[in-house]
Enquirer: 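Can you read through this structure? Questions will come right after.
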Amino acid sequence: MDITFDQVSYIYQPNSPFEYRALKDLSFSIPSGSFVAVIGHTGSGKSTLIQHLNGLLKPTKGTVTLGEYQLKAKEKNKELRELREKVGVVFQYPEHQLFEETVAKDIAFGPRNFGVNEGEIDRRVNEAIQATHLDEELLERSPFDLSGGQMRRVAISGVLAMNPEVLVLDEPTAGLDPHGQKEIMEMFYDLHQKKKLTTVLVTHSMEDALAYADQVIILNKGEVYMQGSPLELFKKQKALEEVQLDVPEVIEFITKANEKLGADIEYTGQSIADLAKEMADFVRGGRDHE
Amino acid sequence: MSSSLIIGQYVPGNSVIHRIDPRSKIAIIFFYVVIVFFANSVMSYGVLALFAIGASLISKVPFPYLMKGLKPVWFLVLFTFILHLIVTKQGDVLISILGWEIYREGVVQGAAISLRFFLLILVTSLLTLTTTPIEITDAIEELLGPLKKVRFPVHELALMMSISLRFIPTLMQETEKISKAQASRGVDFRTGAFKDRVRAVIPLLVPLFVSAFKRAEDLAMAMEARGYQGGEGRTKLRELTISRRDIAAYIVFAGIVTALFLTRS
């Protein structure tokens, strides 16, 4: 599903002393099947943006287009249900939304709301727990007896079971240990590739943006600050620092190494091993010249 | 839903009314509520209205906010007025509509009672509009102080009040968050049959309770870890003090009371 924001503004509590402009004339587009990372400092409008993707919020001004759906200011949408079935949102700390007696029932909650038949629900529940690497014997347990990491996987399974075309992830790895973080991100990337899911990832991790995204949107104070491929954007360290963002460690390392060695190695997404080789070659080459 | 995130009705400001000690405000309003029932002439009502409207103007609370506080009770005010019109049968008949006779006393009584209602609500909402919930709690704790003598757990009560107040916005945010998450999973809170809407509340309430209990436990643990001890011997961050402003407020109010009793018929 193609996603387009056209001059979208959103104002919280308009015409009150608490009025707050969260989005200001935001325009960008996300082609179907791409993996987009949205990065920004706290209060840059990321969460507000996400809520426009499945009609939880409607723009105060401007238009949001998702495939054939359009969200406009002051327009009632009857097909919101359909839209929400197609856009799965994994909120921050999604384990807080668990409520059913058993894991299986909780995962089935979404599809059941959208009127999927029982046989299909069973199939989807099984598919979802396979995707999230949950043990089948957990299905009959209460979600409140599980560990934090397992609960998160259950919550994510609940969204996946809706069979969405677009997956929106709001800091899906927050509060997990490094190993769990990597596993979850790999899982989402896998889904993105296998199912051609259009994925929108909100993250604080430059590493994740660099590793998985093919487009990065940087927000600052409700406006698009920069937009482009991660490799391109992360070269602009100065501009990033201006909005209190770091560059990924790899890139920072290469920049420093280049300064020290007087080299001009460029990061093009190569693996650590390749990079080490390149550097070693350079150092050796330098010696050969002397 | 985010408009309900304003804690209580408090409108930040720096007017004299905002800065009067909350204890004084509560005391004055308490007595105002009592004396409203002593008014019985046009002039005496005028004196009371002067006080209420004057205070509202000084507080600089925007007019729409004052009206918002009155919104839920307009119906009651109107209802009592109409009830008096219909039921009271004293004095001359003013007009008769479709066989119903409206008496002079009915109109007078109805207007008086409605005006009382209006003034009471205006003044009490002015209190909540210009005083933070925490200030009100502190003031209540102080004012209930004497009850400690009969072993009434005043401090604990105040602590409970302030903790609940503290967590209202948190729980509201939590509610909003969870309801959005469930709406994204296809729950419809707004439309559908009544039975379905009641059922839609379960996915909202269960997570809310779970997190409220968890939060309560965490808070208790954090308080104990820092050696919390309530009541006896505990000092306060915000000491309430009576200043010249308060004395001025009392004097003005005393003037209003005197004027009221002079203008009574």
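Just so it is clear: chains get the letters A, B, ... in the order the sequence lines come, proteins before strands, and each one is counted from 1.
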Enquirer: Flag the pair A:F99 / B:L208 as yes when at least one side-chain heavy-atom distance between them is below 4.5 Å, and no otherwise.
Expert: no
Enquirer: For atom CZ of B:R199, decide whether the heavy atoms of other residues, nucleotides or ligands shown that lie under 6.0 angstrom number more than 12.
Expert: no
Enquirer: Taking atom CD as the centre, does A:E136 end up with more than 12 heavy-atom neighbours from other residues, nucleotides or ligands that are less than 6.0 angstrom away?
Expert: no
Enquirer: Check the surroundings of atom CD in A:E19: do more than 12 heavy atoms from other residues, nucleotides or ligands lie under 6.0 Å from it?
Expert: yes
Enquirer: Does any backbone or side-chain atom of A:Q51 lie under 4.5 Å from a heavy atom of chain B? Answer side chain, backbone, both or neither.
Expert: side chain
Enquirer: Which atoms form the tightest heavy-atom contact between B:P207 and A:L98, and what is the distance?
Expert: CG-O, 3.6 Å
Enquirer: What part of B:S211 gets closer than 4.5 Å to chain A, counting heavy atoms only: side chain, backbone, both or neither?
Expert: neither
Enquirer: Are there more than 12 heavy atoms of other residues, nucleotides or ligands under 6.0 Å from atom NZ of A:K61?
Expert: no
Enquirer: Taking atom CZ of B:F209 as the centre, does the number of heavy atoms from other residues, nucleotides or ligands within less than 6.0 Å exceed 12?
Expert: no
Enquirer: May I ask you to test the B:K177-A:Q97 pair for a side-chain heavy-atom distance under 4.5 Å?
Expert: no
Enquirer: Are any non-hydrogen side-chain atoms of A:F109 and B:Q182 less than 4.5 angstrom apart?
Expert: yes
Enquirer: Tell me, for A:L57 versus chain B, whether the close heavy atoms (under 4.5 Å) come from the side chain, the backbone, both or neither.
Expert: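 Looking at A:L57, just its side chain touches chain B.
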Enquirer: Does atom CE of B:M160 have more than 12 heavy-atom neighbours from other groups under 6.0 Å away?
Expert: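 Open.
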Enquirer: To the closest 0.5 Å, what do you measure between OG (B:S184) and CG (A:N113)?
Expert: 11.5 Å
Enquirer: Take atom CZ in A:F114; do more than 12 heavy atoms of anything else shown fall under 6.0 Å from it?
Expert: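 Buried by this count: over 12 neighbours within 6.0 Å.
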Enquirer: Is there a side-chain contact between B:I178 and A:F91 (heavy atoms, below 4.5 Å)?
Expert: no
Enquirer: Under 4.0 Å between a Lys/Arg side-chain N and an Asp/Glu carboxylate O for A:D106 and B:R185?
Expert: yes
Enquirer: Side chain, backbone, both or neither: which part of B:P12 has an atom under 4.5 Å from a heavy atom of chain A?
Expert: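 For B:P12, side-chain heavy atoms alone lie under 4.5 Å from chain A.
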